[in-house]
2 protein chains.
Amino acid sequence: MEKIDRKILRLLADDGRMSYTDLGKATGLSTSAVHQRVKRLEERGLITGYGASIDHAQAGRPLTAFISITPFDPAAPDDYPDRLADVEEIESCWSVAGDESYILKVRVATPADLEALLARVRTMANVSTRTTIVLSTAYENRPIG
Amino acid sequence: MEKIDRKILRLLADDGRMSYTDLGKATGLSTSAVHQRVKRLEERGLITGYGASIDHAQAGRPLTAFISITPFDPAAPDDYPDRLADVEEIESCWSVAGDESYILKVRVATPADLEALLARVRTMANVSTRTTIVLSTAYENRPIG
DNA sequence: CTTGAAAACGTACGGAA
DNA sequence: TTCCGTACGTTTTCAAG
């Protein structure tokens with residue numbers, strides 16, 4: 001991939017609403033040229049979508065936590081993401097190599113909600129859990145060069 | 001906060017480029033009414049920004065990892081986020097309550113890059129590290145209702 | 001919240017380097 | 001190919017009611 005495309009990705013990661021006009025000025029291309037490049041980046045799947053960043057604390061979910069899960073039954077099928085997909089408190093789900101099998105990132109309103117969520121996760125997925133509470137977020141989802 | 005604002009947040013989290021026209025149709029408001037609401041949500045800091053989601057694997061950083069860090073000196077000042085802010089491989093930095101003090105989420109191209117990054121983090125911050133490699137991302141930064 | 005009007009933007013297409 | 005200019009419809013934006 002090319003230098004200008006990288007720059008476009010960086011700019012759009014930083015401000016997904018930047019106009020093609022401004023993208024053009026920033027890259028030294030015409031509006032239509034950047035437009036074509038962005039469309040191509042979308043088609044090739046390099047840009048997977050656009051989203052707004054929400055202040056979840058202000059939006060009613062001030063408590064963030066990581067839940068690491070370990071299956072009770074080592075022979076159990078690895079379909080945790082599917083089984084947990086409907087749990088809206090779960091923001092992210094990674095399969096990992098390490099002490100545990102999966103890591104979930106969750107957002108809830110109160111400790112009581114976290115407790116209830118943990119109970120749900122444990123019974124839905126038949127796993128043991130280890131929870132790490134987030135005290136503060138220094139930065140999150142920074143655009144990466 | 002109100003039901004319609006919640007809906008707007010959800011829609012924009014899902015598609016940060018949705019037009020005010022479409023937001024209006026989805027919420028039953030006029031274009032300018034949603035426009036005003038969105039601007040107010042931005043001013044109040046509920047919407048902190050807009051971004052494009054990048055396929056980092058395709059963009060040259062296929063390897064994601066979590067690095068948990070523990071200070072060697074328990075009396076050391078808690079300025080790790082600042083000290084590490086210039087390290088572009090670090091996408092997120094959380095202060096946590098648990099076995100460790102901070103969790104970093106990083107993206108690199110190769111295991112060798114991860115090795116070099118770990119060395120940098122250890123010396124820059126005078127910490128010990130525990131690394132968890134991400135095998136696959138089931139979902140990440142899902143919009144939360 | 002609505003209307004309304006001007007400016008800016010997205011988008012498609014033909015042609016040039 | 002990739003890029004540029006033009007042209008048209010749509011969207012954004014900002015008053016004022």
Side-chain angles (χ1 to χ4, degrees), chain A residues 1-61 139-145, chain B residues 1-62 88 107 109 139-145:
Chain A
M1 207 194 19
E2 190 193 320
K3 201 177 166 186
I4 293 190
D5 283 332
R6 290 211 163 278
K7 190 159 189 178
I8 292 175
L9 284 182
R10 230 210 157 291
L11 291 163
L12 281 179
D14 212 44
D15 176 7
R17 283 195 147 179
M18 192 179 301
S19 72
Y20 296 118
T21 313
D22 290 343
L23 279 174
K25 282 174 191 161
T27 54
L29 292 177
S30 74
T31 326
S32 17
V34 277
H35 181 248
Q36 289 169 83
R37 277 175 183 262
V38 171
K39 290 303 158 199
R40 208 158 50 92
L41 290 169
E42 290 170 356
E43 276 161 24
R44 286 200 286 156
L46 258 141
I47 297 174
T48 58
Y50 299 90
S53 308
I54 308 299
D55 181 340
H56 295 280
Q58 227 184 124
R61 295 186 192 265
Y139 32 87
E140 205 169 36
N141 298 127
R142 286 201 307 182
I144 279 194
Chain B
M1 205 195 19
E2 189 193 320
K3 199 177 167 186
I4 292 190
D5 283 332
R6 290 211 163 278
K7 189 158 190 178
I8 291 174
L9 284 181
R10 229 209 158 289
L11 290 163
L12 281 178
D14 213 45
D15 176 6
R17 284 195 148 180
M18 191 178 301
S19 73
Y20 296 118
T21 314
D22 290 344
L23 279 174
K25 281 174 192 161
T27 53
L29 293 177
S30 72
T31 323
S32 11
V34 278
H35 181 245
Q36 287 168 76
R37 277 175 184 261
V38 170
K39 289 304 158 197
R40 209 157 48 91
L41 289 169
E42 290 170 356
E43 276 161 25
R44 288 199 285 155
L46 259 140
I47 296 174
T48 59
Y50 299 89
S53 308
I54 308 299
D55 181 339
H56 294 281
Q58 225 184 125
R61 294 185 193 266
E88 67 158 22
R107 297 200 193 263
Y139 32 86
E140 205 168 37
N141 298 128
R142 286 200 305 182
I144 279 194

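Just so we're clear, the structure is a prediction, and the values are computed from it rather than from any experiment. Naming: A, B, ... by sequence-line order, numbering from 1 per chain.
- Whole-Å rounding puts the A:M18 CE to C:dG10 P distance at 11 Å.
- With rounding to whole Å, A:I4 atom CD1 is found 18 Å from D:dT1 atom P.
- The base of D:dG5 sits with one of its N or O atoms less than 3.5 Å from a complementary donor or acceptor on the side chain of A:S32.
- Rounded to whole angstrom, the span from the CG atom of A:L23 across to the P atom of D:dC3 amounts to 14 Å.
- Side-chain N/O atoms of B:T31 and base N/O atoms of D:dT11 include no donor-acceptor pair closer than 3.5 Å.
- Closest approach to the A:L29 side chain among C:dC9, D:dC3, C:dT2 is made by D:dC3 (side chain taken as heavy atoms from C-beta onward).
- There is a side-chain donor-acceptor pair under 3.5 Å between B:E42 and B:Y50.
- Note: CD (A:E2) to C1' (D:dC3) measures 12 Å, nearest angstrom.
- Ion pairing between a basic and an acidic side chain is recognised when a charged N comes within 4.0 Å of a carboxylate O; A:E2 and A:R40 show no such pairing.
- Rounded to whole angstrom, the span from the CD1 atom of A:I8 across to the C1' atom of D:dT2 amounts to 12 Å.
- Checking D:dC3, C:dC9, C:dC1 against the side-chain heavy atoms of A:A33 singles out D:dC3 as nearest.
- Remark: A:L12 CG to A:K7 NZ distance equals 13.0 Å, nearest 0.5 Å.
- By the 4.5 Å heavy-atom criterion applied to side chains, A:I4 and A:V34 are not counted as neighbours.
- Between A:H35 and C:dT11, a side-chain N or O to OP1/OP2 separation shorter than 4.0 Å is present.
- Straight-line distance from the CG atom of B:D15 to the P atom of D:dT11: 13 Å, rounded to whole Å.
- A salt bridge does not link A:R142 with B:E88: every distance from a Lys NZ or Arg NE/NH1/NH2 to an Asp or Glu carboxylate oxygen is 4.0 Å or more.
- A:S30 comes within 4.0 angstrom of a nucleotide base, judged by non-hydrogen atoms across all strands.
- Look at A:K39 and you'll find a side-chain N or O under 4.0 angstrom from OP1 or OP2 of C:dT11.
- A:Q36 has its CD atom 13 Å from the C1' atom of C:dG10, to the nearest Å.
- Of the side-chain N and O atoms in B:R17, none sit less than 4.0 angstrom from OP1 or OP2 of D:dT11.
- Here the side chain of A:Y20 is nearest to one of D:dT13, C:dT11, D:dC3, namely C:dT11.
- In this structure, B:D22 places its CG atom 15 Å from P of C:dG10, rounding to the nearest Å.
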